[in-house]
Number of protein chains: 2
Amino acid sequence: MTDRSYSISELATEFGVTTRTIRFYEEKGLIHPRRVGQKRLYSPSDRVRIKLILRGKRIGMTLQESVEVIDLYDPAHNNRSQLHSLIRTVQEKRERLLRQKRDIEDMLAGLDEVQTLCEQGLKDAD
Amino acid sequence: MTDRSYSISELATEFGVTTRTIRFYEEKGLIHPRRVGQKRLYSPSDRVRIKLILRGKRIGMTLQESVEVIDLYDPAHNNRSQLHSLIRTVQEKRERLLRQKRDIEDMLAGLDEVQTLCEQGLKDAD
DNA sequence: AATTTAGTTTACGTTAACGTAAACGTAGGC
DNA sequence: GCCTACGTTTACGTTAACGTAAACTAAATT
């Protein structure tokens with residue numbers, strides 16, 4: 001079963017998006033499924049790509065930013081001349097992610113506080 | 001100096017946004033600075049509110065979601081009848097944040113991998 | 001007095017990321 | 001032979017979050 005393929009609606013329901021969304025991603029050049037006749041057929045790697053795009057979205061990346069990160073894995077960049085610029089790019093992405101992580105942790109701490117106050121409030125009312 | 005106030009451009013440059021952005025937030029009812037004559041004057045708490053809105057934005061929240069979180073701190077909600085629903089809300093926010101945190105950590109791990117490969121590539125070329 | 005500097009309102013424009021609808025093709029089941 | 005499910009293209013619509021420009025005011029500076 002290594003290398004099955006997926007229909008558009010199969011992926012749509014799996015990821016909780018509409019088929020329109022997936023076609024839109026193709027329209028924007030983010031994915032390139034093959035065709036069988038008229039129909040789109042998605043490979044496992046197409047599927048992962050969509051999954052990663054949606055992961056990016058969840059933390060507020062634009063679609064372009066998402067593929068930018070995904071394509072860092074692309075071996076095409078691995079020519080010596082651009083290795084340094086690639087490293088710099090990685091560093092920039094990392095910094096943004098670290099800041100987001102701090103933001104999230106700060107918010108979580110805030111929520112903890114609120115919850116504690118809530119529970120205290122409930123106890124007081126007993 | 002406890003309780004100074006801020007002009008719009010002061011806050012704009014501090015937070016790296018335009019004055020338009022700050023006025024827009026007011027237009028949307030997210031902040032309510034006082035007026036001195038025609039001019040807006042921002043209190044320290046107005047300032048914090050903007051800061052928190054922008055923090056929310058950085059992790060992909062909409063403006064509405066940001067204020068929703070911010071207003072969880074508002075003591076107005078602290079009437080016993082709604083404490084349980086408040087706790088549930090807090091729990092939902094927390095779950096989303098935790099997922100985002102996982103997403104970020106996964107991406108960071110990916111970047112680490114890329115970087116290692118890069119450095120390996122540079123070493124090989126020596 | 002004239003200009004510069006910061007502020008204001010009003011209003012139309014823009015981009016991303018899809019939603020929604022129309023109009024059509026095709027393969028399988030009754 | 002027709003319906004149903006799933007797919008397709010084309011195209012206009014929508015929402016959020018501002019950008020941008022015009023036209024004006026008010027204080028401060030030269």
Side-chain angles (χ1 to χ4, degrees), chain A residues 4-43 46-47 49-71 93 96 99-100 103, chain B residues 4-43 46-47 49-71 93 96 99-100 103:
Chain A
R4 61 167 299 207
S5 55
Y6 309 85
S7 77
I8 191 167
S9 58
E10 207 171 349
L11 291 184
T13 61
E14 173 178 1
F15 294 129
V17 299
T18 67
T19 58
R20 173 68 174 102
T21 297
I22 298 184
R23 284 193 205 98
F24 176 76
Y25 290 170
E26 181 177 354
E27 202 179 315
K28 288 284 154 174
L30 312 183
I31 41 179
H32 311 282
R34 41 189 269 268
R35 298 286 180 125
V36 173
Q38 173 112 299
K39 315 263 176 100
R40 295 168 171 83
L41 258 200
Y42 297 84
S43 72
D46 288 331
R47 177 179 165 278
R49 203 171 164 83
I50 294 174
K51 191 171 186 164
L52 294 184
I53 291 171
L54 296 174
R55 183 182 71 178
K57 271 199 59 182
R58 284 197 299 272
I59 61 169
M61 289 184 166
T62 67
L63 300 179
Q64 304 304 327
E65 286 172 328
S66 280
V67 301
E68 212 178 306
V69 169
I70 293 169
D71 289 344
K93 303 290 180 191
R96 172 170 169 188
R99 161 146 221 195
Q100 288 183 288
D103 285 332
Chain B
R4 62 168 296 208
S5 55
Y6 309 85
S7 76
I8 192 168
S9 58
E10 208 171 348
L11 291 185
T13 61
E14 172 178 1
F15 294 130
V17 299
T18 67
T19 57
R20 173 69 175 104
T21 296
I22 297 184
R23 285 193 205 98
F24 175 75
Y25 290 169
E26 180 177 355
E27 201 180 315
K28 288 284 154 174
L30 311 183
I31 41 180
H32 311 282
R34 40 189 268 268
R35 299 287 180 124
V36 173
Q38 172 111 301
K39 315 261 174 102
R40 294 169 172 83
L41 259 199
Y42 297 84
S43 72
D46 288 331
R47 177 179 166 278
R49 203 170 163 84
I50 294 174
K51 190 171 186 164
L52 294 183
I53 292 171
L54 295 174
R55 182 182 72 179
K57 271 199 58 181
R58 284 197 299 272
I59 62 170
M61 288 183 166
T62 66
L63 300 178
Q64 304 304 328
E65 285 172 329
S66 280
V67 301
E68 212 179 306
V69 170
I70 293 169
D71 289 344
K93 303 291 180 191
R96 172 171 170 189
R99 162 147 219 194
Q100 288 183 287
D103 284 333

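Note on naming: letters A, B, ... go to the chains in the order of the sequence lines (proteins, then strands), and numbering restarts at 1 for each one. Worth knowing before you read on, the calculation uses all heavy atoms, side chains too, and leaves out hydrogens, waters and symmetry mates.
Thr18(B) comes within contact range of the sugar-phosphate backbone alone, with a heavy-atom separation under 4.0 Å but no base atom that close.
The side chain to side chain contact (heavy atoms under 4.5 Å, CB included) test with Pro33(B) is passed by exactly one of Arg23(B), Arg40(B), Lys39(B): Arg40(B).
For Gln64(A) and dA17(C), the CD to P distance is 7 Å, given to the nearest whole Å. Taking atom CD of Gln38(B) as the reference point, atom P of dA23(D) lies 18 Å away to the nearest angstrom. Per the geometry, CE belonging to Met61(A) stands 12 Å off P belonging to dA17(C), to the nearest Å. Atom-to-atom, CZ of Phe15(A) to P of dC18(C) comes out at 14 Å; the value is rounded to the nearest Å. Following rounding to the nearest Å, Glu65(B) (CD) and dA16(D) (P) show an atom-to-atom distance of 12 Å. In this structure, CZ of Phe24(B) is placed 15 Å from P of dT9(C), rounded to the nearest angstrom. dG7(C) atom P lies 10 Å from atom CD1 of Ile22(B), rounded to whole Å. Leu30(A) has its CG atom 12 Å from the C1' atom of dA16(C), to the nearest Å.
Taking every side-chain heavy atom of Arg20(A) into account, dT20(C) is the closest of dG7(C), dT20(C), dC18(D). For Lys57(A), counting side-chain heavy atoms from C-beta on, the closest listed nucleotide (dT8(D), dG19(D), dC18(C)) is dC18(C). Of all nucleotides listed (dA17(D), dT8(D), dT8(C)), dT8(D) comes nearest to the side chain of Arg23(A).
OP1 or OP2 of dG7(D) has at least one side-chain nitrogen or oxygen of Ser7(A) nearer than 4.0 Å. Taking side-chain N and O atoms only, Tyr25(A) has no distance below 4.0 Å to OP1 or OP2 of dA17(C). Remark: Ser9(A) is in phosphate contact with dG7(D), judged by side-chain N or O atoms under 4.0 Å from OP1 or OP2. Taking side-chain N and O atoms only, Arg40(B) has a distance below 4.0 Å to OP1 or OP2 of dT8(C).
Glu26(A) and Arg35(A) are joined by a salt bridge, as a carboxylate oxygen and a charged side-chain nitrogen come within less than 4.0 angstrom of each other. In this structure, Lys93(B) pairs ionically with Glu68(B), as a charged nitrogen and a carboxylate oxygen lie closer than 4.0 Å.
By the 6.0 Å and 45° rule, Arg47(B) stacks over the aromatic ring of Tyr6(B).
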Inset, instruction - Give the C-alpha distance, both sets of side-chain angles, the deciding distance and a yes or no for salt bridge (Lys or Arg N to Asp or Glu O under 4.0 Å) between Lys57(B) and Asp103(A). - result: CA-CA 10 Å; Lys57(B) 271 199 58 181; Asp103(A) 285 332; over 6 Å; no

